[in-house]
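What you see is a predicted model; the values in this text were computed from it and never measured. Note: hydrogens, waters and symmetry copies are ignored here, and every other heavy atom, side chains too, is used.
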Amino acid sequence: MSRKIISIIIIVMCSLQAFAGPVEAVKGVIQRRIPEIKDRVTLIYEPQKAEKEYFEIKASDGHLVVKGNSAVAMCRGVYEYLKDKCGCLIVWEGSQLNIPEVLPDQELRRVEASVPLRQHFNVVTFGYSTAFWDWKRWEFEIDWMALHGINMPLAMTGQEKIWQKVWKEHYGLSDTDLNDFFTGPAFLPWYRMGDIYGNSDEVLNMLGTSQSGQNLPQSFIDNDASMQKKILERETELGMKPVIPGFSGFIPRALKGKYPNLDTWEPTRWNSACRSSMALHGLDPMFQDITNVYIDTYKKFYGDVTNYYLIDLFNEIDPPANIERKDLTHIAKSVCNSLCKKDPEAVWVIQGWCFFYQKYWRDIENTKAFLKDIPHDKMIIIDLNADASEVFRIHPNSIACRPVIWSLLNDNWGQRTPLHGDLTKIAQKPIQALHDLKQNLVGMGNSSEGINNNSVCFELLYDNAWRQTPVDLKLWLKKYSEQRYGCKMDIVSDIWHDIYQLYYRSNSNDQVLPYQYIPNKTVGKHDSINQFEKNLILKMLSVPESVQRNVLFQRDLVDVVKNYVGNNIRTSIWKVQTAIDCKSDKVIQYREEFNRLMEGLDALLHTQQEYRLSDWVNQARAYVSENDRDYLEKNARLQITTWVAPNWQGYARKEWSGLVGDFYKTRWNRYFDEISKEGFEQKSFEKEIFDWSNNWCCNTDIYHSYSCNLIEQTKLLLEMIEQLYKE
């Protein structure tokens, strides 16, 4: 056999192997998530067939053929067919896969992505949601991303392992130096952004440390690094381009001690509560050196997987007071040059939160100066809160002239759990931005602080990324309800019409439930029951048993009932307070009524695994070695209760079983005890309850679990609420 023939064979084999990669990756997603159709789908990878990402779907004789020019596009094609033709749905809280025995016919349909990038995650999601995920949960999330057509996930996990190597192996710092640098694991996103600094006595419990200043466990750092290897391997296998962290200038204080001539500055104390970080000036020559070492170390450890680097120099941090506008231009240009000198293909990704949130950057001249000399193809700005305020419209001569990703925050702070969103905005605004920005709108994405809630908003968002015109929201919601519950019934459409009317017409609803407030006397009673919400619950209870068994229906029922009961607990609190003030003999009766309501709500929430404190805690404990588990549990509890300081209590509040029935119930009962005494002072109580809350976080006992029937528990709670208003 001639060398020429051998060469041809090798080329063909390599080509086939390259083509097989995306196909095998998509087959893996199907096998894991939709095994029912694995033998009824043919996948055809067609690279370089079009400028835009696309898929084609066609089905006949019970067999589906999906073509596409990327693995993600093919995954999206499979999912779009299942949604449209089979009425299926795959969301965070579960899947509805009522797939017919014979796949329905589908005429040839071609769909192109409206934007080249579909982004996912906020940097703080890696604290509020993913901090302790195991591989099973990560594997689901990556498959979910692929099926929804996402190709640009932030990948922030595992970076402490790299920084350990950088600071210790290349700059001679010690473990002790770094113990003063890293925060507790549930708070790592804020240390990474330079908002907070280290496990010092100054921050104590506020940042997840113990009174003895326990350090970020090595078992956490090592496991996080192992997890990141798996994450990046799977994401790149599917052709995604993850966004990895770059060097943003935040350094250990010990580095300044070792190199005293470094040009550093200290940001103001973040939220007036935390120890200031230390930042290296972007113009200091060491900035380039650290960038080089960091990228080399990162890619040696994790592989050369992407050219997207997230660098936020001023996230909720204003530049030094002595900085002039011309300095902003030089700093940004220097940081960009440092990155691109090391990786010529690099693209600087910046979250645009500062341009919306901070007064300094709302000054259009400051922002214009900062972006002035960055090459157009070297930066992408994530418009982080576009559903509330599109920063490209605030800065038409700077941000709007650059590549922008329209990203949905959905008013989700700290992964709070109420139903809320503005579906009309989500249906219209990204498509309008596509029209207005034209080629400068390069992506659509999700930047909510926490996930696992309000799936309908993100289902609609990522549908938009594969169309050029706004959806008909009424028709879309009707189809969504059928996909969610796996049936076509008028009552199903009616239920979701009511859910939309109650929760998804605006983001202005108060998301703090009465029992989640720090106990005080301003919690007044409800004038009356929300009859519309009550009627929705009764409607949901009237659906056929086949619908009641659907896991997504059950989640919706819990979400509606927890809101209804949570708001009406206001009246129970008011009754107890009034009885105490009046020295009524009904105090004991009303307190028992309050406790039964809280325990009943706790039992209802326990029917959903995602709404259990034990799930969050068990994830944290399983993430580290046995000796570190109590510390991890404390850290996990602190984040969802006291967070940073007394004025931040409850920022990441949750409607979770274990929190409602233990933490919140006990906190209110302590308040009822105190206001019954002479000389009660609210300020003194709030200090005491903050200390009590921190001590509660040292517990390792989980509030008891329940075994109850969701439907019967809902009926019981309705009766309890009715009883509230009879006196």
Side-chain angles (χ1 to χ4, degrees), residues 15-47 49 53-111 113 118 134-151 153 230-231 233-240 455 459 462-463 466 479 482-487 549-552:
S15 178
L16 289 172
Q17 187 176 11
F19 276 46
V23 168
E24 290 303 312
V26 179
K27 283 182 178 179
V29 175
I30 294 171
Q31 176 64 48
R32 289 187 294 272
R33 304 301 153 205
I34 327 144
E36 301 90 332
I37 67 167
K38 65 183 178 66
D39 297 324
R40 293 185 275 171
V41 180
T42 296
L43 302 166
I44 302 173
Y45 176 52
E46 293 187 331
K49 285 284 185 179
E53 232 172 322
Y54 77 94
F55 62 81
E56 290 181 354
I57 48 178
K58 187 179 188 303
S60 59
D61 300 325
H63 196 86
L64 173 65
V65 177
V66 179
K67 295 181 181 179
N69 57 354
S70 74
V72 163
M74 288 188 283
C75 284
R76 177 70 199 187
V78 171
Y79 186 51
E80 190 123 338
Y81 170 82
L82 289 174
K83 287 211 303 178
D84 190 46
K85 289 297 182 179
C86 302
C88 296
L89 195 68
I90 299 175
V91 289
W92 289 311
E93 58 269 29
S95 300
Q96 191 292 108
L97 295 172
N98 189 16
I99 300 171
E101 288 187 15
V102 178
L103 293 179
D105 287 353
Q106 163 78 61
E107 292 185 0
L108 180 64
R109 181 181 171 215
R110 180 186 175 93
V111 177
R118 283 82 60 193
D134 60 15
W135 175 238
K136 180 180 178 182
R137 181 61 186 85
W138 264 115
E139 194 170 42
F140 172 83
E141 190 70 17
I142 297 169
D143 289 345
W144 178 91
M145 288 192 284
L147 291 166
H148 286 77
I150 293 164
N151 62 357
K230 293 179 181 178
I231 292 165
E233 181 179 2
R234 181 60 56 79
E235 288 176 350
T236 53
E237 176 185 297
L238 284 159
M240 297 177 185
S455 289
E459 201 70 24
Y462 289 119
D463 276 4
W466 294 85
K479 292 187 70 173
E482 295 167 357
Q483 293 160 357
R484 194 165 176 87
Y485 297 165
C487 60
R549 290 196 299 267
N550 179 290
V551 295
L552 300 181

Tell me whether the rings of His148 and Tyr79 are parallel (<30°), tilted (30 to 60°) or perpendicular (>60°). tilted
Heavy atoms only: give me the nearest Tyr54-Ala73 pair and the separation to one decimal. O-CB, 3.2 Å
Any side-chain heavy atom of Leu97 sitting closer than 4.5 Å to one from Ile90? yes
Students often mix this up, so state it plainly: with edges at 30° and 60°, are the rings of Trp144 and Tyr462 parallel, tilted or perpendicular? perpendicular
Do Arg40 and Leu64 make a side-chain contact, defined as non-hydrogen atoms from C-beta onward lying under 4.5 Å apart? no
Does the side chain of Leu103 come within less than 4.5 Å of His63's, by heavy atoms? no
Glu53 vs Asn151 side-chain heavy atoms within contact, under 4.5 Å: yes
Salt bridge check, Lys83 against Glu459: does any charged N sit closer than 4.0 Å to a carboxylate O? yes
Taking only residues two or more places apart in sequence or in another chain, which ones pass side chain to side chain contact (heavy atoms under 4.5 Å, CB included) with Lys230? Trp135
Shortest non-hydrogen separation from Cys88 to Gln483 and the atoms involved: O-CB, 3.5 Å
Taking only residues two or more places apart in sequence, or in another chain, which ones meet Pro104 in a side chain to side chain contact (heavy atoms under 4.5 Å, CB included)? Tyr81, Lys85, Cys86, Pro100
Taking the side chain as C-beta and beyond, is there a heavy-atom pair between Val66 and Val26 under 4.5 Å? no
Quick check: closest heavy atoms across Ser455 and Trp92, and the distance to 0.1 Å? OG-CE3, 3.5 Å
So do Pro22 and Met74 actually touch side chain to side chain, heavy atoms under 4.5 Å? yes
For residues 92-109, pull every pair meeting salt bridge (charged side-chain N to carboxylate O under 4.0 Å, His left out), keeping only residues two or more places apart or in separate chains. Glu80-Arg109, Glu93-Arg484
So do the side chains of Ile30 and Leu43 get within less than 4.5 Å of each other, counting heavy atoms only? yes
Considering only heavy atoms from C-beta outward, does the side chain of Gln106 approach that of Asp84 to under 4.5 Å? yes
What is the minimum heavy-atom distance between Leu238 and Ala146, and which atoms define it? CD1-CB, 4.1 Å
Pick one: which of Lys136, Arg137, Arg32 meets salt bridge (charged side-chain N to carboxylate O under 4.0 Å, His left out) with Asp143? Arg32
Salt bridge between Glu482 and Lys479, side-chain N to carboxylate O under 4.0 Å? no
Side chain to side chain contact (heavy atoms under 4.5 Å, CB included) between Ile34 and Leu147, worked out: CA-CA 11 Å; Ile34 327 144; Leu147 291 166; 4.2 Å; yes
